[in-house]
Amino acid sequence: DKEKKKFYVLEMFPYPSGNIHMGHLRNYTIGDVIARFYKANKYNVLHPMGWDSFGMPAENAAIENKISPGEWTKKNISHMKSQLMKIGLSLDWGREISTCEKKYYKHQQQIFIDFFNKGLVYKKDSFVNWDPVDKTVLANEQVIDGKGWRSGVTVEKKKLSQWFLNISKFSNELLNDLENLKDWPEKVKLMQNNWIGLSQGAEIKFKIVDSSSTIDVYTTKPETLFGASFIALSVEHDLAQKFKDSEKFKSFRENCLKLQEKKDFVTDKIGFNTQLNVEHPLIKNCKLPIYFSNYVLINYGNGAIFGCPAHDERDFEFAKKYKLKITSIIKNKNKELPYCDFKESDTLDNSNFLNGLKSKEAKKTILKKIKQDKIGFETSKFKLKDWGVSRQRFWGCPIPIIYREDGEILTVDKNQLPIELPADTDFSGSGNPLDYHPQWKYTKCSKSGLNAIRETDTLDTFFDSSWYFLRFCSPNSNDEPFDEKNTSYWMPVDHYIGGIEHAILHLLYSRFFTRALRECGYK
Ligand code: ANZ
């Protein structure tokens, strides 16, 4: 079958840092061997190479050596290309692409606009991971053990208005489709599985005493409800609005955010007593105090929990510190242990109609009860969050958005693409040079003639590397990012070679892109 006799072997493309090093050589030799093997077996082989050429080092070089990022990058590419050629790798240089060239990023800007029109990219205010060395925002995937993936320094929390890709829209699909990736390494699939992080649980409403409002908590152990002794909220929970003028709360909040940055909230838990209470939804006349605490995170579940100190270590430490009630709900519990995990084999106690049931049964029973009483429902949550793609940097793909003076946020017209970076840029100031360039950001709306300002944030370079494998199939396509005839012939990539450090980052983002592009009508 002639159709089947194709083989697409792809290596993760390099950042043009200056020199080919042994890591590149090792990686690219593998691809070379595979490509030659399939060629020798009469396959039609695609083995391309390109450059992931936007990004910070070029900008830092510009600041240090007074050379433009574009020139610096071009010089590096030409040197590294000559090195790769000397090695004699069987690469198809006729398909070379470079993400910082306008003939690449013009299409990327079109893709951004398509995503925008489909609601797959949106802007919101949020606390972001701020890398104080690189002076930019990082996505969750780019924070490793609390540190920036590139700089290695501890990231801080900062509130900014940012562009986000709606990756969580595809949580279910991204998780379920892992099953279809038969040839992917198990390890990579497991890492993606954990990152997407499906958890099964319930949302339960707690009515605030003397108020019509409720607090909706997320729990994976609804059967422990009779052991609840307090409510804990993230300082970013809506209820914090009530305390926005309290100096005491404000300093507590600062403290929490600082502790969350440092990641040592596991040992050091702090609480702010709101003096408010909720009613226990199943125990008459039982009130539980509401606290804010640093160990409840805003970006998981509802940012609100009920604390069950006898069976959750974090809740236990908190309850001990603030002298809250600790009620065991496990029968024959070893009295020596202050708290213990709740296991499948445990039988419930101190839990009214759940008494005597094993945990699995108890869970079923309480889920039925909360549904009947309309105090909650069974639900699932994903850990995966939307991907923040705004970067406060110069050397990246400009985001094709304008802010009109009347407050409208609009995409740029297609016929104005590409929005290019200015050539005459001063790198001596601090912050984003696009922001303080004297003319670049000032423009007019082509429809209304009103004044407008361009978006000065640029795209995360992981955006660039989320679709390059499609571009390689038709690298010179001028009207479209890639053409259907060629992608349907060459895709999928038959063999992909790269480092395990991209198991979540790059490989999850590209899986999102193929789904988002499909949604926009690309084939
Ligand atoms: C009551 C309970 C009792 C819980 C118990 C655990 C043990 P996983 O399994 O990782 O998904 N939780 C929910 N939202 C949270 C947040 N935003 N920040 C911190 N903790 C949060 O974790 C789910 C459990 O973590 C939930 O179940 C909730 O505490 C807590 F014996 O509810 B549990």
Side-chain angles (χ1 to χ4, degrees), residues 126-127 140 157 168 171 175 193-206 215-240 256-257 259-260 263-271 278 280-282 288 290-320 324-331 333 337-351 354 358-360 362-363 366-367 370 375-385:
S126 73
F127 279 96
N140 290 342
K157 294 273 171 211
S168 63
S171 298
L175 184 67
N193 193 319
N194 292 340
W195 186 263
I196 298 167
L198 173 63
S199 88
Q200 304 279 2
E203 224 173 273
I204 301 178
K205 280 185 201 314
F206 289 79
I215 289 175
D216 302 342
V217 310
Y218 177 66
T219 174
T220 48
K221 297 228 167 70
E223 67 275 27
T224 63
L225 187 54
F226 287 97
S229 73
F230 63 95
I231 295 286
L233 307 175
S234 151
V235 287
E236 295 163 67
H237 187 277
D238 284 347
L239 199 75
C256 279
L257 295 173
L259 283 171
Q260 288 179 349
K263 283 242 163 193
D264 52 3
F265 54 90
V266 183
T267 48
D268 197 4
K269 293 187 186 61
I270 55 173
V278 294
H280 191 293
L282 294 175
L288 312 177
I290 307 175
Y291 281 80
F292 286 103
S293 179
N294 59 327
Y295 80 97
V296 184
L297 309 172
I298 191 60
N299 56 10
Y300 186 58
N302 293 354
I305 65 156
F306 74 75
C308 177
H311 306 293
D312 182 289
E313 192 175 5
R314 298 162 302 177
D315 297 344
F316 173 71
E317 283 172 17
F318 191 81
K320 219 171 45 176
L324 302 167
K325 218 167 125 194
I326 302 174
T327 315
S328 169
I329 50 155
I330 297 178
K331 209 169 180 149
K333 187 178 151 288
L337 291 172
Y339 89 92
C340 64
D341 279 344
F342 198 73
K343 295 185 298 299
E344 289 243 320
S345 55
D346 287 327
T347 303
L348 277 103
D349 195 14
N350 284 330
S351 294
L354 300 177
K358 284 255 170 7
S359 76
K360 219 168 160 185
K363 188 175 218 159
I366 192 128
L367 284 173
I370 60 172
I375 52 167
F377 53 89
E378 196 174 351
T379 183
S380 57
K381 301 269 179 206
F382 289 99
K383 290 214 165 89
L384 183 66
K385 294 292 156 238

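Because the structure is a prediction, the values reported are computed rather than measured. Note that ligands are numbered from 1 as they come in the structure, with each ligand's atoms numbered from 1 the same way.
- Between Tyr218 and Tyr300, the shortest heavy-atom contact is CE2-OH, 3.9 Å.
- Looking at Val296 against ligand 1, both its backbone and its side chain come within 4.0 Å, counting heavy atoms.
- Below 4.0 Å from some heavy atom of His311 lie the following atoms of ligand 1, by number and element: 5 (C), 31 (F).
- Heavy atoms of Phe306 approach ligand 1 to within less than 4.0 angstrom.
- Ligand-side atoms of ligand 1 in range of Arg314: 20 (N), 25 (O), 30 (C), range being under 4.0 angstrom from any heavy atom.
- With His311 contributing its side chain and Ile329 its backbone, the two residues share a donor-acceptor pair below 3.5 Å.
- Counting the atoms of ligand 1 from 1 in the order shown, those under 4.0 Å from a heavy atom of Asp312 are 6 (C), 7 (C).
- Looking at Phe382, Tyr300, Phe316, Phe342, it is Tyr300 that brings a heavy atom closest to atom 11 (O) of ligand 1.
- Remark: ligand 1 and Asn302 share no N or O pair separated by less than 3.5 Å (distance only, no angle test).
- Of the heavy atoms in Lys381, none comes closer than 4.0 Å to ligand 1.
- Residue Thr219 places at least one N or O, backbone or side chain, under 3.5 Å from an N or O of ligand 1.
- Residue Leu297 places at least one N or O, backbone or side chain, under 3.5 Å from an N or O of ligand 1.
- When non-hydrogen atoms are compared, ligand 1 lies under 4.0 Å from the side chain of Lys383 (C-beta onward) but not from its backbone.
- Residue contacts with ligand 1 for Ile305 involve side-chain atoms from C-beta outward but no N, CA, C or O (heavy atoms, distance under 4.0 Å).
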